[in-house]
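Computed over heavy atoms, backbone and side chain alike; hydrogens, waters and symmetry mates excluded.
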Amino acid sequence: MKQLSVGKNDEGQRLDRFVSKAVPLLPDSLLHKYIRLKRIKLNGKAAKEDTRLQFGDEISLYIADEFFETPSEENAWRKISKPRLDILYEDENILLADKKPGVLCHSAGKWDYNTLIANIQAYLAGKGEWNSRDENAFAPALCNRIDRNTGGIVIAAKNAEALRIMNDKIRDREISKYYLCALCGRPKPEAGTLENELFKDAVKNQVYVKNRPEPGSRHAVTEYRVLASKNGLSLAECRLLTGRTHQIRVQMAHAGWPLLGDGKYGREQVNRKYHESGQALYSWRIRFDFPTDAGILNGLKGKEFCLKKEDIPFVKKYFL
């Protein structure tokens, strides 16, 4: 049992809101349930959620100690009682999730529990596939990441062996990743390869194309092909042969066909015309090529997973 005292600055707050701030890892659903079950009491008695607190009130909480931990990236999943996930594929080793635009893969700066990895961990803990109480337990982890405003397929490993193998396969380019993007204009030729040197300014989080290699620059190669053109926009599929920051966005913009909605590398006038404020980019297809042994992941060899075009907002809106 934990005891909380209401200070002068907290006077007048609702009981449920006060507890939610004091115990940030406690899921809202459990908070309301525990108040109803009298596991959260006010001055030793049952109280309603909307009870206004007074200076000097004492709140008793009969809840598990784990909810009183300091919030961090590692325990953020505890806040989630109903994970929100769109699962494309799952087996005993990996999980493929469709990350929606606007969702973070991991916390960025300040603590955030509504991330993709937190939802995956909450989902696996709820299924009993992951026991976080085991101090030596592996924590489910992401093998790749996607920018906040980009959607698409993210690979999560359920065990350490799967994470090691998948990271090796990604590094050795034994996994093919394909993106769909809406471009301003119509590329000519309609299929080709973009090859540049990219330099990232870490302070500005901006990537620049360089004509020749220079200190800090990295080689980037992207294959593309136009699938459709309509109303001044083109739908293109891009295959990443390298994995650089903002690679597709900056290479397409440099070639003269920036992504619709891209506020960093795109065309502001076109973005305003279509009322788009997030880059039209989606990781929609992945193929596990695996020319070499993949151990416990050998069952994935040669398999391909793909999202439906109608499930990708900008594709449905502009091209279907």
Inset, instruction - With sequence neighbours excluded, tell me which residues meet side chain to side chain contact (heavy atoms under 4.5 Å, CB included) with A22. - result: L4
Inset, instruction - In sequence, state the C-alpha distance, the side-chain angles, and the governing distance for L180 and V315, and then conclude on side-chain contact (heavy atoms from CB on, under 4.5 Å). - result: CA-CA 8 Å; L180 288 181; V315 177; 4.0 Å; yes
Legend entry - A236: side chain to side chain contact (heavy atoms under 4.5 Å, CB included) partners, not counting sequence neighbours: C181, L183
Inset, instruction - Could you name each residue pair satisfying salt bridge (Lys or Arg N to Asp or Glu O under 4.0 Å) that touches residues 19-48, not counting sequence neighbours? - result: D28-K79
Legend entry - Residues forming a side-chain hydrogen bond (donor to acceptor under 3.5 Å, both in side chains) with R244, sequence neighbours excluded: none
Legend entry - Nearest-0.5 Å distance, CG of residue L25 to CG of residue L30: 11.5 Å
Inset, instruction - State whether the side chain of N205 and the backbone N or O of A202 hold a donor-acceptor pair below 3.5 Å, judged by distance alone. - result: no
Legend entry - Sequence-distant partners of R145, salt bridge (Lys or Arg N to Asp or Glu O under 4.0 Å), two or more places apart: none
Inset, instruction - Kindly write out the residues that satisfy side chain to side chain contact (heavy atoms under 4.5 Å, CB included) with D10, not counting sequence neighbours, or none if the list is empty. - result: V6, Q13, F18
Legend entry - Pair K317 + E310: basic N to acidic O under 4.0 Å: no
Inset, instruction - Check for a donor-acceptor pair, side chain of S283 on one end and backbone N or O of Y179 on the other, with a separation under 3.5 Å. - result: no
Inset, instruction - Begin with the C-alpha distance, continue with both residues' side-chain angles, and end with the deciding distance and a verdict on side-chain contact (heavy atoms from CB on, under 4.5 Å) for C238 and Y178. - result: CA-CA 5 Å; C238 297; Y178 298 83; over 6 Å; no
Legend entry - Residue pairs, two or more places apart or on separate chains, that pass salt bridge (Lys or Arg N to Asp or Glu O under 4.0 Å) and touch residues 220-229: E223-R239, R225-E237
Legend entry - Residue list, side-chain hydrogen bond (donor to acceptor under 3.5 Å, both in side chains) with Q251, at least two apart or on another chain: N196, T222
Legend entry - Selection residues 287-298 - residue pairs positive for salt bridge (Lys or Arg N to Asp or Glu O under 4.0 Å), sequence neighbours left out: R287-D289, R287-E304
Legend entry - Side-chain hydrophobic cluster, 4.5 Å single linkage: members besides V207: L198, V209, V250, Y265
Inset, instruction - Take the angle between the ring planes of F305 and Y89 and call it parallel below 30°, perpendicular above 60°, tilted in between. - result: tilted
Inset, instruction - Check side-chain hydrogen bond (donor to acceptor under 3.5 Å, both in side chains) between D172 and all other residues, then give those that pass, not counting sequence neighbours. - result: none
Inset, instruction - Taking ring-ring contact (aromatic ring centres under 6.0 Å, His included) as the test, write out the residues that go with F314, two or more places apart. - result: none
Inset, instruction - Quick one: do Y123 and W130 satisfy ring-ring contact (aromatic ring centres under 6.0 Å, His included)? Show the steps, please. - result: CA-CA 9 Å; Y123 166 74; W130 174 49; over 10 Å; no
